[in-house]
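Report on one structure; see the data block that follows.
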Amino acid sequence: MTNPQASKPKAEAPGPKEDIAEAIAPATRLKLFRSQLEIRYLEKRAYDLFLQNLVKGTSHLALGQEAVAAGFGVAMRSDDYTFCTYRGHAHTLVRGVSMAGILGELMGRDCGLTRGKGGSMHLTSVEHGVMGSYAIVGAHLPIAAGAAWSARYRGTEQVAVCFFGDGATNIGAFHEALNLAAVWKLPVVFVCENNLYMEYTSIETVTAVAHPAADRASAYGLEPVLIDGNDVEAVYRIALQALAKARRGEGPSLIEAQTYRHGGHSRADPAKYRPRKEVDAWLARDPIPSYRQRLLALGFSESSLAEIEQEAQRAVDQATEQAKASPVPPTDIAGRDVWASGGSEWRN
Amino acid sequence: MTNPQASKPKAEAPGPKEDIAEAIAPATRLKLFRSQLEIRYLEKRAYDLFLQNLVKGTSHLALGQEAVAAGFGVAMRSDDYTFCTYRGHAHTLVRGVSMAGILGELMGRDCGLTRGKGGSMHLTSVEHGVMGSYAIVGAHLPIAAGAAWSARYRGTEQVAVCFFGDGATNIGAFHEALNLAAVWKLPVVFVCENNLYMEYTSIETVTAVAHPAADRASAYGLEPVLIDGNDVEAVYRIALQALAKARRGEGPSLIEAQTYRHGGHSRADPAKYRPRKEVDAWLARDPIPSYRQRLLALGFSESSLAEIEQEAQRAVDQATEQAKASPVPPTDIAGRDVWASGGSEWRN
Amino acid sequence: MAELTYREAVAAGIAQEMQRDPRVVFLGEDVASAGGVFKTTEGLLQKFGPDRVRDTPISEQAILGVAMGAAMTGLRPIAEIMFSDFLAVCWDMVANQIAKTRYMTNGQCSFPLVIRTANGAGFRFGAQHSQSVESWAMAVPGLKVVAPSTPADVIGLLAAAVRDPDPVLFFEQKSLYATKGEVPDGEHVDELGKAKVRRAGEDVTLVALGAMVARALEAAERLQSENGISATVVDLRTLVPLDTQTILSEVKRTGRLVTVEENPRLCGWGAEVASIVAEELFYDLDAPIVRVTTPHAPLPAADNLEDFVLPSVEKIVDRVRMTLG
Amino acid sequence: MAELTYREAVAAGIAQEMQRDPRVVFLGEDVASAGGVFKTTEGLLQKFGPDRVRDTPISEQAILGVAMGAAMTGLRPIAEIMFSDFLAVCWDMVANQIAKTRYMTNGQCSFPLVIRTANGAGFRFGAQHSQSVESWAMAVPGLKVVAPSTPADVIGLLAAAVRDPDPVLFFEQKSLYATKGEVPDGEHVDELGKAKVRRAGEDVTLVALGAMVARALEAAERLQSENGISATVVDLRTLVPLDTQTILSEVKRTGRLVTVEENPRLCGWGAEVASIVAEELFYDLDAPIVRVTTPHAPLPAADNLEDFVLPSVEKIVDRVRMTLG
Ligand SMILES: Cc1ncc(C[n+]2csc(CCOP(=O)(O)OP(=O)(O)O)c2C)c(N)n1
Ligand SMILES: Cc1ncc(C[n+]2csc(CCOP(=O)(O)OP(=O)(O)O)c2C)c(N)n1
Ligand SMILES: [Mg+2]
Ligand SMILES: [Mg+2]
């Protein structure tokens, strides 16, 4: 746990990987652990609430993919920007957004981040740098590039981090955003979470290359970066690298993190299209127990980890109560905030 | 001029190239020569007619780029499909479409291919396999893929050839079309004519890679193909290869042909943004005189070439007279052919 | 007569047409193996095989581009755009390519294709997955626009759309997928451009579409029982061609028009209907033309907010009462 | 007062705002070195440098996406979409992202951006480069929509659009680029949402927009001199917010309404105006509401055909005469 070591996690296929590096500080490691747990417990709770019919509308969980959001969340500067998808609870939470704000939004309550106006697919908390969740595949890639352009123009050294799925790599906006970001050398990090599936269709059946993001990097003059997205430290390291590169003015990165969602695409989906063997193999590579093991092996005490687990669970429980106690939003807000004036008038 | 020879013109940078192969039949060579001349004279005439205020609207000439259209036109089967852009007079002509139909369309006359309804940017002649000219950059790439899908579904072995510019490689539709065509292994040939400029902006200033098409081929699992687009025989050979590959069911090709337009982007453009030296260098590489030289060197007689030149010129002259003599279209056709019924009624 | 859900009617309609005509092919995201994210296309892959029923990447421009290219070269594709909101990502294909190319080519090319899409609100999906955008399509010359309100119409109008030689935008109202209705036995083919009078009345004409038809009918019942107001309810069924004959004759008879639109206010189809009636029936109208629409704002996700903004039976009843003074 | 062309007014308006506010940046295809394909942005690169005036690839989704991301993080971008027809290739950015995100975030984000675009017919460019699509934008909640008809309005309304905290679609009618007009000296800022009465009359109100304003005015002169009919001409200038006060007061006074629209018929802005008037001025109208529009068909390229389909002074005059019986 001492000397930093120039690790090169690029182009690494996923697989068991021990002792990847010794450079991460103990406190950071605990943060990475805690962050993953908070996501896990929050998302499980969201699922329970859906079963209780308290989560209305849809919701898209990232159970199993926690390491990506956690690794980035811990690596990002507090004024960096996050752009995420409908599957964005995790990426929102890791920026410090309140759990009650997230659950409340899923439940259509007044305490929700947008008081129920956006819904689960549009979590946003500008004060935490979460510049929105976008529900039309690919749209937020150019938008994130724009935030990066603005940061550079304003000279702030902020970086925009944009998360999206494997399926998003086949839509036009992906191509346009990557090219423009590369040409303009924008401080933006594009993170493709390749969980092997779009909604119910496997990405390999509709994509001309094996690695939908990494194999396209060269089309934008970028280096291919393929990482084990279930290894939170690998994610953390690559995040640090890409963020630093962006801050140095050296332009965008495109990172493909290989991972897997434990459940279905959305609450409506039992995910029966996935082979049992595949599911089992990935469940065995669950990022959280494996990281717990690693931390124990590194000398962290069982009790310190258990305490974090309990704290995370308590936080989720409290947030749940808070959200349940929140009233539904007053209906008059439905007509507010179309315009900056606060209203929605289209005539005089 | 006898034995076929397995030439491999792939990934060849443009440059003077003698004796590229001996396999092309004399009659074919004369076709390649004639085809380029017809384009050249027709387009020059279009320009003259514009100066005389007889060509209305816009028009986009391909003077200097004749070799690409000619090489493909001679290589294609008569039932293959062509999809081209607003800069599509050449690609239309080489499929056997009448010059009067083209000039008439530019002049807004009743003898025009679409009786003036489409205009210079939308030349179409379905009976010749010219399935339209598309004026919104990138749109026709997926459309061409669709024609290819249909051909395969119908079992016809037809191939769709789709021409577009360097600038089109940065738009979303390019990306979507290439990926889908590759995944579905469609019989479509994508031909990027890289003439170094979009409208008035140089492609290299807005593109993340040096070769906007060839450097992206691998993103779709395709081989990079870069050819001298001013060498009509190089074009012809690569066209034969790509068409054969498509007909064999081996999927799409993406070809980048390096070339240059002698004039401006459209009739409104004096093209002053281009360095004189660059223009001169490319004028010196004009595909037509250099091919004439080559044919003479190969033993074709001066008189046989001069005869072709005269015939081509005569054909253009005749077509001009024909188009000039054609009346303007009757105004009642403005309300026709919105629907297959022939009409445009939106109510009963 | 069998009873089917609106959802089942979609697959039944597609199957009927694929069975009949081998040129009919079907493509979209998750439509084949998965049977569609709304389960509207289950069993089609099994029935017609992977050459005719195809899953695509998330590439809406390619989906419609490919459908267009196939249509103009002899096939009769049905393309699914999963949510109608996503028509925006391929709007160039819809509005500039598919709609215009027949005209631009002076009729050289035909585009016998159908774009099916799930339209409308009611699932708490929020602003990017709940829009009613049939008026976007109506505004573009060269498109036919269909929006069935019953399972029988899903089959009959889908069959008519597939057989039509022109491009048809086919809006399935997602809030109707679970509704049930009788469908005719055997082959069922309807006609585009014909509205249906779902209820005959004397005092006022309600013109509605899609999910609003049932609400207009319920409002009519309430008006009848509570106020003795007798309302005609016209289900437009197709926006292009627009059955102005039925609209005009019903409004002429009743002297009053109320449109019931799920879309936001500005430039909705009801505006067009209103402008036609205001011109052609000026001397027959007994009262101002009234439009009931969703407010001109994006759609909120929370259940109580979404319910609040959509035209409710109460709102319709209120506005009709006002019209009748 | 200087005289400028509508074309020059564009660059003047952008320059005025860039000068004033360093947060204003400008991007688009061929806009910097080349000064725009319509020569509307000449000199801006020289004046404001390559950090603020940027050429882009042919990537309309990226252009608007980048503008949106910049707007929500503190800049005030002006993005050019070369022809308004191309809004279709980035319609998702316009209609689903830029228009809705303020609402969806409950007001957390602002989108002070302007999308400028060359709109309309008259250049024989054919169906994909000649459309008037301002009604597409009007139909989407969350967008403000502006369409100036004079050089002075170009500057004044562009300045107002840039300073507005909400996204504005700014339609420059390309057939007006060569027209000239007086513009105020010094800084000129107008107000969104105010129509202008360009001509006062008593018998009928013509409501027009963009290039149709001049035609409506010419028609009014002809009606006056040939028929003694006195027409008011209202130049809407902005579609959202819509100045219904001016529309209603003028129509109330004259008792008659004719809209003059360059767009195709169905669901054009005139339909919306007609539906408002048909509801709110029912008892004040003396005659049917009439809409003069381009037919509901794609636009042809040939000069005689294009001239034939656009609303001409003759057509306007004829329709007004009919209205007055
Ligand atoms: C443009 C567009 N097309 C289709 C959809 C419907 N859709 C929502 S999520 C999704 C799958 C996305 O897959 P991926 O990018 O791999 O992300 P994941 O859901 O796996 O995180 C699809 C097709 C959409 N929202 N937007
Ligand atoms: C989507 C879209 N954006 C912009 C334009 C305007 N435009 C027409 S041609 C052109 C340049 C195209 O360049 P390239 O693809 O290199 O083809 P070339 O004209 O050089 O043949 C542009 C920007 C358009 N027609 N469509
Ligand atoms: Mg995925
Ligand atoms: Mg070019």
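Below, chains carry the letters A, B, ... as their sequence lines are ordered, and counting in each starts from 1.
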Would you check, one step at a time, whether the test side chain to side chain contact (heavy atoms under 4.5 Å, CB included) holds for B:Arg154 with C:Leu75? CA-CA 9 Å; B:Arg154 290 178 287 107; C:Leu75 303 191; 3.8 Å; yes
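- Looking at C:Leu143, only its backbone comes within 4.5 Å of chain B, counting heavy atoms on both sides.
- Proximity to chain C among residues 75-84 of chain B is limited to B:Tyr81, B:Phe83, judged by heavy-atom separations below 4.5 angstrom.
- No more than 12 heavy-atom neighbours from other residues, nucleotides or ligands sit within 6.0 angstrom of NZ on C:Lys252.
- No donor-acceptor pair closer than 3.5 Å links the side chain of C:Tyr103 to the backbone N or O of B:Gly335.
- Here the closest non-hydrogen pair linking C:Met93 and B:Ala139 is CE-O, 3.1 Å.
- Closest heavy-atom contact between B:Thr114 and C:Asn106: O-CB, 3.6 Å.
- Separation of atoms NZ (B:Lys117) and CZ (C:Arg102) is listed at 9.5 Å; rounding is to 0.5 Å.
- Residue with the most contacts toward chain B among C:Glu60, C:Met138, C:Met104: C:Met104 (heavy-atom pairs, distance under 4.5 Å).
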Step-by-step side chain to side chain contact (heavy atoms under 4.5 Å, CB included) determination, C:Leu248 to B:Arg347: CA-CA 12 Å; C:Leu248 294 173; B:Arg347 62 184 287 181; 3.6 Å; yes
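- Annotation: maximal heavy-atom pairing with chain C below 4.5 Å, among B:Ser125, B:Gly116, B:Gly172, B:Ser133, occurs at B:Ser125.
- Here the straight-line distance linking atom CG of B:Asp337 with atom OG1 of C:Thr105 works out to 7.5 Å at 0.5 Å rounding.
- For chain B, the nearby parts of C:Asp243 are the backbone and the side chain; heavy atoms of each come within less than 4.5 Å.
- Heavy-atom pairs under 4.5 Å with chain C were tallied for B:Leu186, B:Leu123, B:Ile333, B:Leu180; the largest tally goes to B:Leu180.
- Residue with the most contacts toward chain C among B:His122, B:Met121, B:Glu105: B:His122 (heavy-atom pairs, distance under 4.5 Å).
- From C:Leu239, atom CG reaches atom CH2 of B:Trp346 across 11.5 Å, with rounding to the nearest 0.5 Å.
- With a threshold of 4.5 angstrom between heavy atoms, B:Arg152 approaches chain C through side-chain atoms but not through N, CA, C or O.
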Could you give me the CA-CA distance, side-chain angles and deciding distance for C:Val240 and B:Trp339, then say whether side chain to side chain contact (heavy atoms under 4.5 Å, CB included) is met? CA-CA 11 Å; C:Val240 180; B:Trp339 308 125; 3.9 Å; yes
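- Of the atoms belonging to C:Ile276, it is side-chain heavy atoms, and not backbone ones, that fall under 4.5 Å from chain B.
- The contact between C:Leu27 and chain B is made entirely by side chain atoms (from C-beta outward), counting heavy-atom distances below 4.5 Å.
- For the 3.5 Å distance criterion, the side chains of B:Ser150 and C:Thr73 qualify, holding a donor opposite an acceptor.
- A 4.5 Å side-chain heavy-atom check between B:Asn179 and C:Pro57 finds at least one atom pair inside the cut-off.
- Between C:Arg54 atom CZ and B:Trp184 atom CH2 the span is 4.5 Å, to the nearest 0.5 Å.
- When heavy atoms are compared at a cutoff of 4.5 Å, C:Lys194 approaches chain B solely by way of its side chain, counted from C-beta outward.
- Across B:Ala173 and C:Gln61, no two heavy atoms sit closer than the pair CB-OE1, 3.6 Å.
- Heavy atoms closer than 4.5 Å to chain B are found in the side chain of C:Val25, but not in its backbone.
- Looking at C:Gln108, its side chain does come within 3.5 Å of a backbone N or O of B:Thr124 through a donor-acceptor pair.
- Under a 3.5 Å cut-off, the side chain of C:Gln245 and the backbone N or O of B:Asn348 do not form any donor-acceptor pair.
- Closest non-hydrogen pair, C:Val24 versus B:Tyr153, comes out as O-OH, 4.5 Å.
- Scanning all heavy atoms of the two residues, the minimum distance from B:Ala340 to C:Asp166 falls at N-OD1, 2.9 Å.
- With a threshold of 4.5 angstrom between heavy atoms, B:Ala144 does not approach chain C through any atom at all.
- Of the listed residues C:Cys90, C:Gly107, C:Pro141, the one with more heavy-atom pairs under 4.5 angstrom with chain B than any other is C:Gly107.
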